[in-house]
Amino acid sequence: MRVLCVAEKPSIAKSVAHTLSGGNVTQVRNSNNKYIKNYDFKFNFGNDIGLSEVTMTSVTGHLSSTDFAAQYAWAKCTPSRLFDAPTIEKIDDNEKKIADNIAKEARYANYLMIWTDCDREGEYIGYEIVKAARTSNSNITLENTLRAQFSHLERTHIVRAAKNPIRLDQNAIAAVATRMELDLRTGASFTRFLTNLYQSKCDKDFGVISYGGCQFPTLGFIVDRYKRVKNFISEPFWYIDLDLRKDGQKVTFRWLRPHIFDRLTAVLFYERSFLEANDRGIITKIESKPTKNWRPLPLTTVELQKNCSKYLRMSAKQVLDCAEKLYNQGYVSYPRTETDSFPKAMDLKDLISKQTQNSQWGTYASDLINNDKFKQPRSGNHDDKAHPPIHPIMHSDGSNLSANEKKIYEYIVRHFLACCSDDGKGSSTTVTLKWGIELFQASGLVVLEKNYLDIYPYYKWESSKQLPKFEPNEPIKITKVELASGETSPPTHMTEAELIALMDANGIGTDATIADHIEKIVARSYVNLQTAPGRGTTKYFVPTVLGMALVDGFNQIGLDNISLSKPFLRKNLELKLKGIVEGSCSRNQVLHEMLDMYRQAFALSNQKQDILVTAYRDSNNLY
DNA sequence: GCAAGGTC
């Protein structure tokens, strides 16, 4: 038998070929694409297929995209036509070459076996591969194509996947086709409409003003926060400020209420206690307990981007680009993953041993494996069924990496070593003091074992003021007790780390695209990245006049059940796509439902376009 | 000149 195996990316093809061949790949042939290789070897699939001549190759993601035919190009038709204009499959030169390689290799194959990632998009890419293979071999159909099910590259797992193939999931394919069509129709129609409108009515020099189901909610998060900061009214509050000296140390106790927004009430509490106790307090409770600082969970893409944005001051896009380069050079594992638990069978100690030669963290790494300090990492609840958590593969001393790549590599290694270490351990003490009728508390922390914190300098967990020794029922002479006031402070503008967290929590974009959406709304001049006075070098996103106008304008139009700048629409679409995958609703049903909604929104926007224009002029005056 | 999703 001859079997053609096709993976989603070259690295998987290489790895799976080496595994299945047992290290005996007989030939590695170049394809017409410089990244893609064709590997020949023998493998016994067992069952009906048996010992076979295998060729393993790959694509590089999708083989095509959806577009409109030439007669529906920009300015060739009115934007509203795009809701029902026919779509075509667009294949660019590079995609054509890759498809040609598949066709050539599939010509004499008895079986086609798909090794794309086991997620929704992976199923669709499998379908695109089947189409490419069919052009040269009509025996290959969607129904008889085999699908390998795998979630990581450990040997026995891959062999089992090869011997127990299933079929491509046609529901998943339909769900992706639905998403593609909806994104194209809604994105293109509103983008052309908005661009035409703003260029003709506001400023002819405007560039493209795009709408996208992910871009707009991303913008919406930033505008929301901006308004909350802008409209914030600070409120005064009162609290009892209490200090005492013990063993020559000043200790400040926090009032347990802990602050009161009504001055008279605060005065009452203060005076009643003062009359009763004057400067005398009593210790009512001392509680000491062991406390832990948990080591981080195995690293996902979203965490990598959030943490590196926060700790290393790099943009999400830069972080992902660096991780991508490190991955392509074999230093780290695949950087786009949602999985936060390591497969049980994975040899983590072997990965740690590769780091022992490093001049900065080598000693820590060898200590982990040689002195029995290794801990099996914690397991989170996320599993994309496609990739393990991000981890280092090969060691690098950093000399052949760019400055930013070096930082990201170091972060990934340190995070990984931290995952495989013990939690930080300490002891916390809470002392409760009664003054008159009121209760106050002071707490202290002693870090006993830093453990993972020794290798993870990004996060600080330090012994805070260690409390002096107190006794239960100990009478205390209070040094200072007075009624103090303060005022509530506004929230800060949106950091990139917060934005990523919001997008992730609301299902806006994927691990691979979150950074792109953020970059897109910057490129479109909807938002800017700025420092805030008095807040150091941390950068915050704030909307531009245009960004504000787009959100305000669409809100003022009063679209009924559709809020373009809120995340619900996308979340809802995700749910419906899941419904298609699970078979509880059909592609056509979802497509019609969503398109009808957008068509109405478009009609209303078109009818009330003056509101959108006015919103921009108002926004110019307001912000 | 448009989207979002893969990946190089």
Visitor: Would you tell me if any nitrogen or oxygen in the side chain of A/His517 comes within less than 4.0 Å of OP1 or OP2 on B/dG5?
Guide: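 Result: yes.
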Visitor: NA contact type, A/Tyr211, heavy-atom cut-off 4.0 Å: base, sugar-phosphate, or nothing?
Guide: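 Sugar-phosphate contact only.
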Visitor: Quickly work out the A/Asp119 CG to B/dG5 P distance and round it to whole Å.
Guide: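 So the CG-P distance, A/Asp119 to B/dG5, works out to 12 Å.
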Visitor: In this structure, how many angstroms lie between the P atom of B/dT7 and the CD atom of A/Glu128, rounded?
Guide: 12 Å
Visitor: A/Arg336 side chain N/O closer than 4.0 Å to the phosphate oxygens (OP1, OP2) of B/dT7?
Guide: yes
Visitor: Map A/Asp516 and A/Gln215 onto DNA chain B by nearest heavy atom, then report which one ends up closer to the 5' terminus.
Guide: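 Checking each residue's closest nucleotide, the 5'-ward one belongs to A/Gln215.
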Visitor: Of A/Tyr334 and A/Thr191, whose closest DNA chain B nucleotide lies nearer the 5' terminus?
Guide: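 Checking each residue's closest nucleotide, the 5'-ward one belongs to A/Thr191.
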Visitor: Any side-chain N or O of A/Ser210 under 4.0 Å from OP1/OP2 of B/dA3?
Guide: yes
Visitor: Would A/Trp74 pass as stacked on B/dG1, i.e. its ring centre under 5.5 Å from the base's six-membered ring centre and planes under 30° apart?
Guide: yes
Visitor: Starting from P on B/dA4, measure out to CG on A/Leu569 and report it in whole angstrom.
Guide: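 One finds 12 Å between P of B/dA4 and CG of A/Leu569, rounded.
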Visitor: I need the CD1-P distance between A/Ile98 and B/dG6, as an integer number of Å.
Guide: 17 Å
Visitor: With a non-hydrogen cut-off below 4.0 angstrom, is A/Arg120 in contact with a base, only sugar-phosphate, or nothing?
Guide: nothing
Visitor: One thing to verify: whether A/Arg29 and A/Glu105 come together as a salt bridge, which I'm taking to mean a side-chain N less than 4.0 angstrom from a carboxylate O.
Guide: yes
Visitor: Think A/Arg524 has a side-chain N or O under 4.0 angstrom from the OP1 or OP2 of B/dG1?
Guide: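 Negative; the distance criterion is not met.
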Visitor: For A/Phe150, I'd like to know if atom CZ has over 12 heavy atoms of other residues, nucleotides or ligands within 6.0 Å.
Guide: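 Yes, the 6.0 Å shell around CZ holds more than 12 heavy atoms from other groups.
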Visitor: Within the 4.0 Å heavy-atom criterion, would you say A/Ser64 contacts the bases, only the backbone, or no part of the nucleic acid?
Guide: base
Visitor: OP1 or OP2 of B/dA3 versus the side-chain N and O atoms of A/Thr66: is any pair under 4.0 Å?
Guide: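 False: A/Thr66 side-chain N/O out of range (4.0 Å or more) of B/dA3 OP1/OP2.
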Visitor: Rounded off to whole Å, could you give me the CD1-to-P distance for the A/Ile129 and B/dT7 pair?
Guide: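 After rounding, the reported distance stands at 12 Å.
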Visitor: Examine B/dG5: is either OP1 or OP2 under 4.0 Å from a nitrogen or oxygen in the side chain of A/Arg570? Give yes or no.
Guide: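 True: A/Arg570 side-chain N/O within range (under 4.0 Å) of B/dG5 OP1/OP2.
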Visitor: Side chains of A/Thr57 and A/Ser31: does their closest heavy-atom pair fall under 4.5 Å?
Guide: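 No, their side chains stay 4.5 Å or more apart.
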Visitor: Mind jotting down which residue pairs meet the ring-ring contact (aromatic ring centres under 6.0 Å, His included) criterion with at least one end in residues 586-605 of chain A? Sequence neighbours excluded, please.
Guide: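 Residue pairs with at least one partner in residues 586-605 of chain A: A/Phe83-A/Phe602, A/Phe190-A/Phe602, A/Phe193-A/Phe602.
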